[in-house]
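What you see is a predicted model, and the numbers here were worked out from it, not measured in a lab.
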Amino acid sequence: MSARRGTIDVHTHILPERWPDLKERYGYGGWIQLHHHCNGKASMMKDKDGQLFREIEENCWSPEARIKEMDETGVAVQVLSTVPVMFSYWAKPEDTLDLCTILNDDIAKAVKKYPTRFVGLGTIPMQAPEQAILELRRCVVELGFAGVQIGSHVNQWNLDAPELERVFAVAEEIGACIFVHPWDMPEDERMKKYWLQWLVGMPCETAVAICSMIFGGVLERHPRLRVCFAHGGGAFPFIIGRVEHGFKSRPDLCAKENPFNPRKYIGQIYTDTLVHDEGALKYLASTIGEDRIILGSDYPFPLGEHPPGKIIVSVSEWGDDTKDKVMYRNALEFLGLKCHPQNGPMPMEEEQQNSQQSKLEEDSDWQPQTKIPRLDTESITS
């Protein structure tokens, strides 16, 4: 793969190297614990039944290990978010909030230590919206995160649940972006074989999340809310015709809360590029829009793309301008950054934009690769 300077990977996961015994801390089980069993390796274990959830390596907790691999694969910046199994929406809200604080503070440490290499997305206790709003504000205002990562549903609530309305309203108000990741897929007998929960369940979860936000009017009520859906939007881009047809043929079922055609929101939502297939990626770009798809690799897990962006680079029909959009410019817009993290401080208030543009013109520390135009704050915020 030919590395492209400036690449931003919007979909990566990180954990603290260690955290307290949560069963002991909260007085009940159901949590994930990390057991380090040899140098540079650890097991994520379910404390309720002692079953293994996942084996991980030091690149899942060590910023330095990540940066080494980023340098090897040409990734300039990673957007850090927790592993979705840690959402813990099932738990007592005060305990989930406490865990969110632990996870978010750890991400903040990595961002503070390496501000030109990492951008933070927090996690919040979505099952308790008022507490979620408090932690959302803390993530953005105090920790300097670009936004938060949330699950595709919250227990029995889809993302159109009235209880979640204030969370989205506050996110829009303070300019926080939202990265939606599928989680808590059905575990019935039909899904247990062949890794179907991950291979099939995740794309379905994401499609349900998008349809809920569209049909439920969330995106209509919050047109400035920046939302990106993982794994190329799951099944949604490939069923948009069916969704639109259902809206037209059965408005009594589909248009009860939002009278507008679902296609209206194409161009408003973002997805990452993690589809593992060049043909699917080109279709995704033609359906969602090349201005709305963002490099995302799911680093450092097995279902991720390695090296990040290899399929983007392989699309011969795309010129440098399109590839630059997908590799970093669209990410800057989604994250609400007025300049590339390697070009100066971020995020930047509107009134600072002119002075920052001057800095960009003078800065020689970060130069894009030949044929990649310098970052243009006007073009990425239009």
Side-chain angles (χ1 to χ4, degrees), residues 12-34 44-48 53 60-61 79-112 118-184 205 209 218 222 225-227 230:
T12 79
H13 299 294
I14 193 169
L15 290 168
E17 184 173 359
R18 289 178 175 78
W19 59 84
D21 184 321
L22 301 179
K23 187 174 183 178
E24 182 179 290
R25 187 179 182 94
Y26 304 133
Y28 56 96
W31 310 94
I32 295 290
Q33 289 300 149
L34 199 59
M44 296 177 70
M45 305 294 296
K46 300 177 182 179
D47 69 9
K48 205 166 191 177
F53 175 73
C60 199
W61 66 76
V79 179
L80 305 178
S81 58
T82 194
V83 180
V85 72
M86 305 299 287
F87 287 153
S88 305
Y89 299 153
W90 53 270
K92 295 177 183 178
E94 62 270 24
D95 298 333
T96 303
L97 177 60
D98 181 64
L99 178 57
C100 288
T101 301
I102 293 170
L103 299 171
N104 293 336
D105 288 351
D106 183 72
I107 290 174
K109 275 193 225 171
V111 174
K112 184 177 181 180
F118 299 125
V119 174
L121 293 181
T123 183
I124 57 179
M126 290 287 283
Q127 76 272 40
E130 290 308 312
Q131 293 188 44
I133 289 169
L134 291 175
E135 185 63 6
L136 168 63
R137 289 188 183 277
R138 187 180 83 93
C139 283
V140 173
V141 176
E142 295 182 26
L143 302 184
F145 290 176
V148 292
Q149 174 189 228
I150 67 171
S152 50
H153 68 277
V154 182
N155 302 326
Q156 297 306 306
W157 299 338
N158 279 328
L159 296 186
D160 63 328
E163 292 86 350
L164 301 177
E165 176 67 16
R166 279 256 307 137
V167 178
F168 296 128
V170 170
E172 181 183 41
E173 173 193 329
I174 66 176
C177 64
I178 294 179
F179 187 75
V180 179
H181 197 293
W183 88 301
D184 192 29
E205 269 293 316
V218 178
H222 305 291
L225 183 65
R226 303 190 307 281
V227 188

Candidate pair Asp105 and Arg138, rule salt bridge (Lys or Arg N to Asp or Glu O under 4.0 Å), full reasoning | CA-CA 10 Å; Asp105 288 351; Arg138 187 180 83 93; 3.0 Å; yes
side-chain contact (heavy atoms from CB on, under 4.5 Å) assessment of Ile150 paired with Leu159 = CA-CA 10 Å; Ile150 67 171; Leu159 296 186; 4.2 Å; yes
Under the side-chain contact (heavy atoms from CB on, under 4.5 Å) criterion, do Leu134 and Leu97 qualify, and how do the steps go?
-> CA-CA 10 Å; Leu134 291 175; Leu97 177 60; over 6 Å; no
Check the pair Glu173 / Arg166 against salt bridge (Lys or Arg N to Asp or Glu O under 4.0 Å), numbers first and verdict last.
-> CA-CA 10 Å; Glu173 173 193 329; Arg166 279 256 307 137; 5.6 Å; no
Decide yes or no on side-chain contact (heavy atoms from CB on, under 4.5 Å) for Ile178 and Val148, but give the supporting numbers first.
-> CA-CA 5 Å; Ile178 294 179; Val148 292; 4.2 Å; yes
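Annotation: the span from Trp157 atom CH2 to Glu163 atom CD amounts to 4.5 Å, rounded to 0.5 Å. We find the CG-CD1 distance between Leu121 and Ile14 to be 12.0 Å, quoted to the nearest 0.5 Å. The CD atom of Gln149 sits 8.0 Å away from the CD1 atom of Ile107 when rounded to the nearest 0.5 Å. With rounding to the nearest 0.5 angstrom, the CZ atom of Phe53 is 10.0 Å from the CE atom of Met86. The CD1 atom of Ile32 sits 6.5 Å away from atom NZ of Lys46, with the distance rounded to the nearest 0.5 Å. Distance check: Gln127 CD to Trp90 CH2 gives 9.5 Å after rounding to the nearest 0.5 Å.
Distance alone, capped at 3.5 Å, places no donor-acceptor pair between the Thr101 side chain and the Leu99 backbone. No donor-acceptor distance shorter than 3.5 angstrom exists from the side chain of His181 to the backbone of Gly151, with no hydrogens or angles considered. Without hydrogens or angle criteria, Asp47 side chain to Gly30 main chain gives a donor-acceptor distance under 3.5 Å. With hydrogens and angles disregarded, a donor-acceptor distance shorter than 3.5 Å links the side chain of Asp21 to the backbone of Lys23.
Pairing each heavy atom of Pro93 with each of Pro125, the nearest pair is O-CB, 4.3 Å. Closest approach of Pro182 to Ser152, counting heavy atoms only: CA-OG, 3.4 Å. The two atoms that bring Ala176 and Leu136 nearest to each other are CB-CD1, 3.9 Å, heavy atoms only. Nearest approach of Thr82 to Leu15, heavy atoms of both residues: OG1-CD2, 3.9 Å. Here the closest heavy-atom approach between residue Leu34 and residue Pro16 is recorded as CD2-O, 3.7 Å. For Ile174 against Arg137, the heavy-atom pair with the smallest separation is CG2-NH1, 3.6 Å.
You'll find the side chain of Tyr26 reaches within 4.5 Å of the side chain of Asp98, heavy atoms only. Between Pro84 and His13 the shortest side-chain heavy-atom distance falls below 4.5 Å. In this structure, Pro20 and Ile102 have side chains that are in contact, with non-hydrogen atoms separated by less than 4.5 Å. Contact annotation: the side chain of Val119 never approaches that of Val111 to less than 4.5 Å [non-hydrogen atoms, C-beta and beyond].
Evaluated for a side-chain hydrogen bond (donor to acceptor under 3.5 Å, both in side chains) with Glu135, the options Thr96, Thr123, Asn104 yield exactly one hit, Asn104.
Evaluation of the side-chain hydrogen bond (donor to acceptor under 3.5 Å, both in side chains) rule for Asp95 yields Tyr28 as partners, not counting sequence neighbours.
Between Tyr89 and Trp183, the ring planes lie perpendicular to each other; the angle is over 60°, past the 30° to 60° tilted range.
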